[in-house]
**Student:** 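Before I ask anything, let me first share the structure, which is written out below as structure tokens.
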Amino acid sequence: MSTVLIAHGYGMSPEQHWYPSLAESLAAYGYTVVAPRLPDPADPDPDVEVNHSSRVMSVGTVGKGPSRCLQL
């Protein structure tokens with residue numbers, strides 16, 4: 001199955017809003033879900049966030065449950 005990257009929004013974190021329920025629903029369908037904490041959600045820089053997300057996807061995930069978070 002495929003891996004899904006959930007990127008949280010401005011001022012948020014992977015544990016907030018509807019992100020955990022989305023991760024849980026996708027995991028129930030067999031997807032691997034990666035929901036990294038982005039570097040600076042209060043002042044996002046798209047280049048930094050894309051680079052961070054790319055590293056997370058290439059390194060893998062840590063944690064338990066359907067939403068696995070990795071902070072580099």
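Only this structure's heavy atoms are used, side chains among them; waters, hydrogens and symmetry mates stay out.
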**Student:** Are His52 and Pro39 close enough that some pair of their side-chain heavy atoms sits under 4.5 Å apart?
**Tutor:** yes
**Student:** Taking the side chain as everything from C-beta on, heavy atoms only, tell me whether Ser13 gets closer than 4.5 Å to Leu38.
**Tutor:**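 They are not in side-chain contact.
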**Student:** Measure from the side-chain N and O atoms of Tyr19 to the backbone N and O of Gly9, and report whether any donor-acceptor pair falls under 3.5 Å.
**Tutor:** yes
**Student:** So, His8 side chain and Glu15 main chain: donor-acceptor pair closer than 3.5 Å or not?
**Tutor:** no
**Student:** Can you find a heavy atom in the side chain of Thr32 that is under 4.5 Å from one in the side chain of Val4?
**Tutor:** no
**Student:** What heavy-atom pair brings Gln16 and Gly11 nearest, and what distance separates the two atoms?
**Tutor:** OE1-O, 4.0 Å
**Student:** Short question: side chain of Ser21, backbone of Trp18 - any donor-acceptor pair under 3.5 Å?
**Tutor:** yes
**Student:** How about Leu5 and Pro36: do any of their side-chain heavy atoms sit closer than 4.5 Å?
**Tutor:** yes
**Student:** Looking only at atom types and distance, does a side-chain atom of Tyr10 sit under 3.5 Å from a main-chain N or O of Ala42, one as donor and one as acceptor?
**Tutor:** yes
**Student:** Could you give me the CA-CA distance, side-chain angles and deciding distance for Asp40 and Val48, then say whether side chain to side chain contact (heavy atoms under 4.5 Å, CB included) is met?
**Tutor:** CA-CA 9 Å; Asp40 191 359; Val48 171; over 6 Å; no
**Student:** Do Tyr29 and Leu22 share a hydrophobic cluster, counting only Ile, Leu, Val, Met, Phe, Trp and Tyr and linking them when any side-chain heavy atoms are less than 4.5 Å apart?
**Tutor:**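 As far as the 4.5 Å side-chain criterion goes, Leu22 and Tyr29 are connected within one cluster.
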**Student:** Starting at CG of Asn51, measure out to CG of Asp45 and round the result to the nearest 0.5 Å.
**Tutor:**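 So the gap between those two atoms works out to 10.0 Å.
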